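Please read all numbers here as calculations on a predicted model, not as lab measurements.
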Amino acid sequence: MGLLDQLAGQVLGNLGTQSQDQTQSSALLSGLMSLVNQAGGVQGLLAQLQQGGLGEQVASWLSAGQNQPVSGDQIASALGDDSLAQVAQQAGVAPEHAAAGLAQLLPQVIDHLSPNGQVTDNNALLEQGLALLKGKLFG
C-alpha cells in the first residue's frame with residue numbers, strides 16, 4: 001500500500017466517509033498545507049510543534065521506529081488557538097475536530113516525508129503530494 005492509500009485510509013477512517021465529511025477532510029488537508037506555509041515550511045512547522053512540547057513525538061515521526069501518537073489536545077496546545085481556529089474554519093469543523101484530525105494526519109505525513117530521518121523542506125513536493133491525496137480521496 002502506497003503513501004497516498006495509507007493517508008487516504010487514515011483520513012477517511014478518522015473523519016468519516018460521507019460526502020460532507022469528505023469535503024471537510026479535503027479542507028483539513030488544505031489547512032495542513034496552510035500551516036506549513038505559515039510556519040515557513042515543514043521544518044518550521046516541526047519546530048513549532050517541538051517548541052509546543054511535542055519534541056518526543058516529532059522525533060518519533062522522523063525516526064525509522066514506531067510513530068508516537070499525539071492527541072488533539074496536544075496539537076491544539078502546540079499550534080495555538082489562532083492557527084487551529086484558522087484550520088477549523090477552513091475545514092468547516094469545530095476546532096477540537098480539526099485538532100483531532102491533524103493529530104491523526106500529521107504523524108503519518110511527517111513519517112512519509114522523512115524516510116531517511118530528515119525532511120527536505122520542499123513545499124512544492126508537499127503541495128503536489130497533498131493535491132494527489134485530495135484527488136485520490138475526493139476525485
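From Leu28, atom CG reaches atom CG of Leu102 across 4.5 Å, with rounding to the nearest 0.5 Å. Within the model, atoms CG of Asp111 and CG of Leu62 stand 8.5 Å from one another, a figure rounded to the nearest 0.5 Å. Between Leu46 atom CG and Ile110 atom CD1 the span is 4.5 Å, to the nearest 0.5 Å.
Contact record, Ala39 with Leu45: CB-N, 3.3 Å, taken as the closest heavy-atom pair. When every heavy atom of Val36 is checked against every heavy atom of Val42, the shortest pair comes out as CG1-N, 3.6 Å. What you find for Gly72 and Ala99 is that their closest heavy atoms are O-CB, 3.2 Å. Closest approach of Gln104 and Gln108 over heavy atoms only: O-CG, 4.2 Å. Between Val70 and Trp61, the shortest heavy-atom contact is CG1-CZ2, 3.7 Å. Nearest heavy atom pair, residue Ser83 against residue Gln48, reads OG-NE2, 4.3 Å.
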Donor-acceptor contacts, no H, no angles, side chain residues 50-58, under 3.5 Å, sequence neighbours left out:
none

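Partners of Gln38 according to the side-chain hydrogen bond (donor to acceptor under 3.5 Å, both in side chains) rule, which considers only residues two or more places apart in sequence or in another chain, are Gln86. For Ala85, there are no side chain to side chain contact (heavy atoms under 4.5 Å, CB included) partners two or more places apart in sequence or in a different chain.
Identified under the side-chain hydrogen bond (donor to acceptor under 3.5 Å, both in side chains) test for residues 65-78, with sequence neighbours left out: Ser71-Gln74.
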